[in-house]
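Structure record follows, encoded as structure tokens.
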Amino acid sequence: RPRGLVTFPLFRLLKKVLKGQEARLETANEIAAYGDVVRLPFPGKRVYFITLPADVRRVLQENAARYKKSFDYGILARLLKQGLVTSEGEVWKRDRKLVQPLLREDSLSTLIPHMVRCAQRTLARWAAQQPATPIDVFGDMMEIALDTIGQRTFNSDLAEDVRVVREDLGYCQSYLIDVGQAPVDW
């Protein structure tokens, strides 16, 4: 895998991104195979795909003020409002400090038994399906993540509610993709 900055081919990127969720995941893996830092050729924008933990730390923690979020986060903020994901600057710093204790290793390690239960539940559901039945691995992993976040945030098993949230997030994601691909922002 090459070190340093490499540019991913624009038309291959567009072709795959427009195909749907599964193709987008494939594309992320393909981009990562190009190198540690890959420039994505979006006209008029500087977009980079980084894979090394040290680079991610540098961007998200050590030098966050130097890296601006893309216009897509403005679209996302319409749904989520200002929060840790969509904000920048002082608002982002304040929100990050609030959630930081929840993300410490000692705090996250208490979630392992819950994550194992979620994974076992998912595997049991997969095993009970008819052979050759398609499995939405991305969606199921999202359910595990949402359930884990619910456990961490509310100290409650949200397994029953997660499917509704997953469906709602699917609608939101489709909306954001449609808006992001529209040539004019109405």
Can you confirm whether [X] sits close enough to [Y] that some side-chain heavy atom of one is under 4.5 Å from a side-chain heavy atom of the other?
X: Lys97; Y: Gln100; answer: no
X: Val59; Y: Tyr48; answer: no
X: Glu143; Y: Arg125; answer: yes

Of the non-hydrogen atoms in [X] and [Y], which two are nearest, and what is the gap between them?
X: Gln82; Y: Thr86; result: CA-OG1, 3.4 Å
X: Pro113; Y: Thr110; result: CD-O, 3.5 Å
X: His114; Y: Thr148; result: CD2-CA, 3.9 Å

If you measure from SG on Cys118 to CG on Asp140, what distance do you get to the nearest 0.5 Å? 11.5 Å
Rounded to the nearest 0.5 angstrom, the CZ-CE distance for Arg117 and Met115 is 10.5 Å
Sequence neighbours left out, what passes side chain to side chain contact (heavy atoms under 4.5 Å, CB included) with Leu98? Give chain and number order. Asp95
Quick check on the hydrophobic clustering: are [X] and [Y] connected, directly or via other members, by side-chain heavy-atom contacts under 4.5 Å?
X: Trp92; Y: Val99; answer: yes
X: Ile144; Y: Trp126; answer: yes
X: Leu60; Y: Val37; answer: yes
X: Ile135; Y: Leu123; answer: yes

Is a donor on one side and an acceptor on the other found under 3.5 Å between the side chain of Ser107 and the backbone of Arg104? no
